[in-house]
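All residue numbers refer to positions in the sequence shown, counting from 1. Please read these numbers as outputs of a predicted model, since none were measured by experiment.
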Amino acid sequence: MKKEKRSSRKGLTPMWYVIQTKSGEEFKNMNLCKRALKTGSYYDAFVPQYVCMKRYEGAWHYEKKVLFSGYFFIDTNQPDIVEEAILPLSRLMKPVYVGKDFVPIYAEEQSFLEDMMDAEHSIAMSRGNIVEGVCDIQEGPLQKKVSFIRKIDRHKRTAEILLHLF
């Protein structure tokens with residue numbers, strides 16, 4: 001399901017900003033952050049995830065895992081308000097800065113991730129084969145992004161993709 005584009009408020013286009021937190025506490029601290037923010041100061045706060053399969057109890061099971069361990073994202077066009085709101089929570093989380101500025105990820109990076117994610121900010125599994133050393137993806141979000149695949153772990157059934165943020 002594709003997300004609809006939102007109209008900008010206050011003349012700024014909403015972008016994704018990254019907040020760093022303790023690994024394993026992404027959801028807990030994201031919810032703390034949401035409570036600290038004023039209503040209307042952000043569109044969404046989310047922890048990007050991916051779906052994988054894990055074998056246990058004699059069968060394969062689908063699981064969701066955190067895509068960027070120790071980080072969550074805030075979709076906003078009011079980064080100053082977000083930055084100010086999480087300042088008192090600095091022991092739990094901090095904005096990701098480039099230099100001294102709290103800046104969003106690049107629009108191309110956001111678009112790349114949006115293309116791969118569903119409405120719940122989760123990346124579904126892709127299915128494919130490796131034929132004569134060449135990766136062939138038949139279905140899923142990686143189907144048109146084969147050039148970004150850097151490594152395939154056949155045992156874990158995962159693909160490592162190269163994505164530079166910032």
Side-chain angles (χ1 to χ4, degrees), residues 1-8 12-31 33-34 42-56 59-79 82 93-99 101-166:
M1 174 193 294
K2 286 287 181 198
K3 290 171 253 172
E4 60 184 62
K5 294 287 181 189
R6 293 172 297 264
S7 61
S8 62
L12 295 173
T13 302
M15 296 293 293
W16 290 358
Y17 291 80
V18 182
I19 309 295
Q20 183 179 17
T21 189
K22 186 176 179 184
S23 183
E25 296 184 2
E26 297 89 356
F27 289 98
K28 180 181 101 174
N29 290 335
M30 176 193 66
N31 288 326
C33 181
K34 286 166 74 172
Y42 69 101
Y43 293 100
D44 199 5
F46 59 93
V47 177
Q49 298 180 84
Y50 67 96
V51 176
C52 64
M53 291 184 78
K54 189 170 184 179
R55 188 174 175 87
Y56 56 89
W60 287 98
H61 301 269
Y62 289 100
E63 291 186 352
K64 278 190 177 181
K65 294 191 177 188
V66 174
L67 185 61
F68 302 111
S69 182
Y71 297 93
F72 64 91
F73 289 58
I74 295 182
D75 186 5
T76 185
N77 63 1
Q78 300 178 36
V82 171
M93 65 191 83
K94 64 181 182 177
V96 173
Y97 293 101
V98 174
D101 298 321
F102 182 37
V103 296
I105 64 174
Y106 292 129
E108 302 83 33
E109 298 161 346
Q110 180 175 331
S111 178
F112 180 88
L113 290 170
E114 283 178 324
D115 286 347
M116 292 184 50
M117 292 179 178
D118 61 19
E120 297 173 355
H121 303 289
S122 181
I123 299 174
M125 288 184 52
S126 293
R127 300 195 192 286
N129 297 309
I130 299 174
V131 181
E132 297 178 11
V134 177
C135 186
D136 177 34
I137 306 294
Q138 284 91 33
E139 63 181 75
L142 287 176
Q143 189 172 14
K144 295 179 182 173
K145 304 202 182 314
V146 174
S147 63
F148 291 93
I149 297 174
R150 292 292 168 243
K151 179 181 174 185
I152 301 236
D153 186 329
R154 290 181 180 186
H155 178 71
K156 291 182 181 178
R157 296 180 180 214
T158 59
E160 182 179 298
I161 62 170
L162 180 64
L163 175 66
H164 295 286
L165 293 181
F166 299 105

Mark yes when over 12 heavy atoms from residues, nucleotides or ligands other than Lys145 sit less than 6.0 Å from its NZ; otherwise mark no.
yes

Roughly how far, to the nearest 0.5 Å, is CD of Glu26 from CD of Gln20?
10.5 Å

Check whether any side-chain heavy atom of Lys34 lies under 4.5 Å from a side-chain heavy atom of Tyr42, and answer yes or no.
yes

Do you know the tightest heavy-atom contact between Cys135 and Val146?
O-CG1, 3.8 Å

Do you know which two heavy atoms are closest between Tyr97 and Gly99, and how far apart they sit?
CB-O, 3.7 Å

With sequence neighbours excluded, what pairs up with Arg154 under the side chain to side chain contact (heavy atoms under 4.5 Å, CB included) test?
Ile130, Ile152

For Thr158, all residues meeting side-chain hydrogen bond (donor to acceptor under 3.5 Å, both in side chains), sequence neighbours excluded
none

Counterpart residues, side chain to side chain contact (heavy atoms under 4.5 Å, CB included), relative to Gln138 (two or more places apart):
Asn129, Asp136

Nearest-0.5 Å distance, CG of residue Asp75 to CE of residue Met15
9.0 Å

Spacing of Ser147 atom OG and Leu162 atom CG [to the nearest 0.5 Å]
10.0 Å

Please list, chain by chain and in numerical order, all residues satisfying ring-ring contact (aromatic ring centres under 6.0 Å, His included) with Phe148, sequence neighbours excluded.
Phe112

Hey, what do you get for CD (Glu114) to NE2 (His121), rounding to the nearest 0.5 Å?
8.5 Å

Contacts of Ser122 meeting side chain to side chain contact (heavy atoms under 4.5 Å, CB included) (sequence neighbours excluded), chain-then-number -> Gln49, Val51, Lys64, Asp118

Could you report the tightest heavy-atom contact between Ala124 and Pro141, atom names first, then the distance?
O-CG, 3.3 Å

So which heavy atom on Glu109 is nearest to which on Ile105, and how close?
OE1-CB, 3.3 Å

If I take atom OG1 from residue Thr76 and atom CG from residue Asp44, how far apart are they, to the nearest 0.5 angstrom?
11.0 Å

With sequence neighbours left out, the residues meeting ring-ring contact (aromatic ring centres under 6.0 Å, His included) with Tyr71 are none

Within the distance-only criterion (no hydrogens, no angle test), does the side chain of Glu160 pair as donor or acceptor with the backbone N or O of Lys151 below 3.5 angstrom?
no

Tell me, please, which residues at least two apart from Ser23 pass side-chain hydrogen bond (donor to acceptor under 3.5 Å, both in side chains).
Ser69

Side chain to side chain contact (heavy atoms under 4.5 Å, CB included) against Tyr56, all qualifying residues, sequence neighbours excluded
Lys54, His61, Glu63

Interatomic spacing from NZ in Lys94 to CD1 in Ile19 - rounded to 0.5 Å:
11.0 Å

For Phe102, give me all partners under ring-ring contact (aromatic ring centres under 6.0 Å, His included), at least two apart in sequence or on another chain.
Tyr17

If the condition is salt bridge (Lys or Arg N to Asp or Glu O under 4.0 Å), which residues does Lys28 pass it with, not counting sequence neighbours?
Glu25

With Phe72 via ring-ring contact (aromatic ring centres under 6.0 Å, His included) - residues at least two apart:
none

Do Leu142 and Met116 have side chains that get closer than 4.5 Å, going by heavy atoms?
yes

Note, Ile74 side chain near Cys33 side chain (heavy atom, < 4.5 Å):
yes

Parallel, tilted or perpendicular for Phe68 and Phe73, by the 30°/60° rule?
tilted

